[in-house]
2 protein chains.
Amino acid sequence: MRLSTKGRYGLKAMFELALHSGEGPIPLKDIAESQNISEHYLEQLVATLRRAGYVNSVRGAQGGYLLSKAAKNITVGDVIRCLEGQIAPAECVMEDAADCNRESYCVTQTVWKKIRDSVNEVIDNTTLQDMVDDHIKNH
Amino acid sequence: MRLSTKGRYGLKAMFELALHSGEGPIPLKDIAESQNISEHYLEQLVATLRRAGYVNSVRGAQGGYLLSKAAKNITVGDVIRCLEGQIAPAECVMEDAADCNRESYCVTQTVWKKIRDSVNEVIDNTTLQDMVDDHIKNH
DNA sequence: CATAATTCCAAGTGAATCAGTAGGGATTTA
DNA sequence: TAAATCCCTACTGATTCACTTGGAATTATG
């Protein structure tokens, strides 16, 4: 029940971009250094976020990455789902799940749904802007 | 962010024991067959639950397993934590976590804590008895 | 124009975890 | 005595994780 480094590093990176938005493109090198993450690995994660349309890139010297939209319009859920796939404690409660099985009603499924929904509730209602505000308030 | 088969099969097994409590020991063979799980694999999961004190075993022919206490006194959280370890989306929000790191305050940590707490809220407030009641109501 | 700084891309890799299997031993009922 | 059960230890193939390697393409700056 742990998130992989994809989701964890990815969210840290997105937070950094949100924190410095308006300052022009931020190179991955800076983020990788400040968070002590392999730059090359982070590159792969950010590539996924770029393909999904959450960040824009600027190539060449002085280049880097920027959020593609306002921090208040990107949720933690957007980022995590993009990098980790759907949040679901069991396959049978994923969006596209084939009908569960033997019984049309399965008790454990009810539990998995409750877990899934409560996690989604949290991550869909926290934006990058919320994280930035939280950070500023605590410094 | 998926549970492994340990937690999923384990909870199904515990539900079966709860559903048939009062009927004497239930052999794993029955559970494995009805849930289409490898009996030998399930054996290992139930051994963990037994060592943790959630089930009792009766050896020999006509033997099997029983809940060690009332279904209303065993939560989904008990079962899942026993088989999967602590529920925490990131190491830094586990109980015994060493102090997170570079900064005394970390924004992503706040997010992981909210996720962890919301999952715990669900699993600690659902008992095996709740699952049985739910099952009966829906049949 | 050359160089350095960056993003972009594809493949490979050692370690760990997952989801079991294999092969028995011990205990109890019929 | 035989069958049904639980109990225990070790092994294993497949997959995923968390990177590393090794470059190519693009752009700003001197």
Side-chain angles (χ1 to χ4, degrees), chain A residues 1-13 16-17 20 23-68 80 83-86 89-91, chain B residues 1-13 16-17 20 23-68 80 83-86 89-91:
Chain A
M1 209 51 188
R2 201 135 310 150
L3 243 31
S4 75
T5 52
K6 286 182 200 166
R8 293 189 277 122
Y9 294 177
L11 186 61
K12 284 191 179 203
E16 288 287 326
L17 294 184
H20 297 104
E23 301 176 21
I26 312 290
L28 280 194
K29 202 175 160 230
D30 293 4
I31 297 176
E33 262 168 25
S34 81
Q35 301 285 350
N36 205 33
I37 298 174
S38 149
E39 184 184 345
H40 227 46
Y41 183 47
L42 189 55
E43 205 170 78
Q44 295 171 44
L45 309 184
V46 175
T48 305
L49 290 161
R50 178 177 51 79
R51 281 183 222 110
Y54 295 117
V55 299
N56 292 326
S57 60
V58 179
R59 300 182 74 169
Q62 313 306 320
Y65 293 89
L66 323 92
L67 295 186
S68 68
I80 292 183
L83 293 166
E84 304 256 349
Q86 272 181 71
E91 268 188 47
Chain B
M1 208 51 188
R2 202 135 309 148
L3 244 31
S4 75
T5 52
K6 288 183 199 166
R8 292 188 278 122
Y9 294 176
L11 186 60
K12 284 192 179 201
E16 288 287 326
L17 294 184
H20 297 105
E23 299 175 21
I26 312 290
L28 279 194
K29 201 174 161 231
D30 292 6
I31 297 176
E33 261 169 24
S34 80
Q35 302 284 350
N36 205 32
I37 298 174
S38 150
E39 184 184 341
H40 224 46
Y41 184 46
L42 190 54
E43 208 169 74
Q44 296 172 43
L45 309 184
V46 176
T48 305
L49 291 162
R50 179 176 52 79
R51 283 183 220 111
Y54 295 117
V55 300
N56 292 326
S57 61
V58 178
R59 301 182 75 168
Q62 312 308 318
Y65 292 90
L66 322 94
L67 296 186
S68 67
I80 292 183
L83 293 166
E84 304 257 349
Q86 272 182 69
E91 267 188 47

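Chain identifiers are assigned alphabetically (A, B, ...) following the order of the sequence lines, protein sequences preceding nucleic acid strands; residue numbering begins at 1 within each chain. Values below: all heavy atoms of this structure, side chains included; hydrogens, waters and symmetry mates excluded. Keep in mind that what you see is a predicted model, and the values were worked out from it rather than measured.
Picking from C:dG20, D:dA18, C:dT6 the nucleotide with the shortest atom distance to the side chain of A:K29 gives C:dT6. Closest to the B:H40 side chain, of the nucleotides D:dT21, C:dG24, D:dC6, is C:dG24.
Rounded to an integer number of Å, the gap from A:M1 CE to D:dT16 P is 18 Å. In this entry the distance linking CZ of A:R8 with P of D:dC19 reads 9 Å, nearest Å. Put simply, CD1 on B:I31 is 13 Å from C1' on D:dT5, counting in whole angstrom units. A straight line from CD of A:E39 to C1' of D:dC19 spans 14 Å, rounded to a whole angstrom. For the pair A:E33 CD and C:dT6 P, the interatomic distance rounds to 10 Å; values are reported in whole Å. As a whole-Å value, the separation of A:R2 CZ from D:dT16 C1' is 16 Å. Look at CG on A:L28: it is 14 Å from P on C:dC9, rounded to the nearest Å. When the P atom of D:dA18 is taken as reference, atom NZ of A:K12 falls 14 Å away, rounded to whole Å.
For B:E43, the side-chain contact (heavy atoms from CB on, under 4.5 Å) criterion is met by B:L28, B:H40, not counting sequence neighbours. Annotation: side-chain contact (heavy atoms from CB on, under 4.5 Å) contacts of B:I37 (sequence neighbours excluded): B:Y9, B:Q35, B:L42. Checked against side chain to side chain donor-acceptor pair (under 3.5 Å), B:E84 has the following partners two or more places apart in sequence or in another chain: B:S4.
For the segment residues 54-66 of chain B, residues with any heavy atom less than 4.0 angstrom from an atom of DNA chain C are, sorted by number, B:R59, B:G60, B:A61, B:Q62. Taken residue by residue, residues 41-50 of chain B places heavy atoms nearer than 4.0 Å to DNA chain C at B:Y41, B:Q44.
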**Under the 3.5 Å Watson-Crick or G-U criterion, the dot-bracket string of DNA chain C, with | for inter-strand pairs** = ||||||||||||||||||||||||||||||
**Request:** Verify side-chain contact (heavy atoms from CB on, under 4.5 Å) between A:L17 and A:I31, making sure each step is shown before the conclusion.
**Result:** CA-CA 9 Å; A:L17 294 184; A:I31 297 176; 3.8 Å; yes
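In this structure, B:K12 and B:E16 have side chains that are not in contact, with every pair of non-hydrogen atoms separated by 4.5 Å or more.
The minimum heavy-atom distance linking B:L3 with A:M1 is given by the pair CD1-SD, 3.3 Å.
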Under 3.5 Å donor-acceptor pairs involving side-chain atoms of residues 47-63 of chain B, not counting sequence neighbours:
| unit_1 | atom_1 | unit_2 | atom_2 | d |
| --- | --- | --- | --- | --- |
| B:T48 | OG1 | B:Q44 | O | 3.2 |

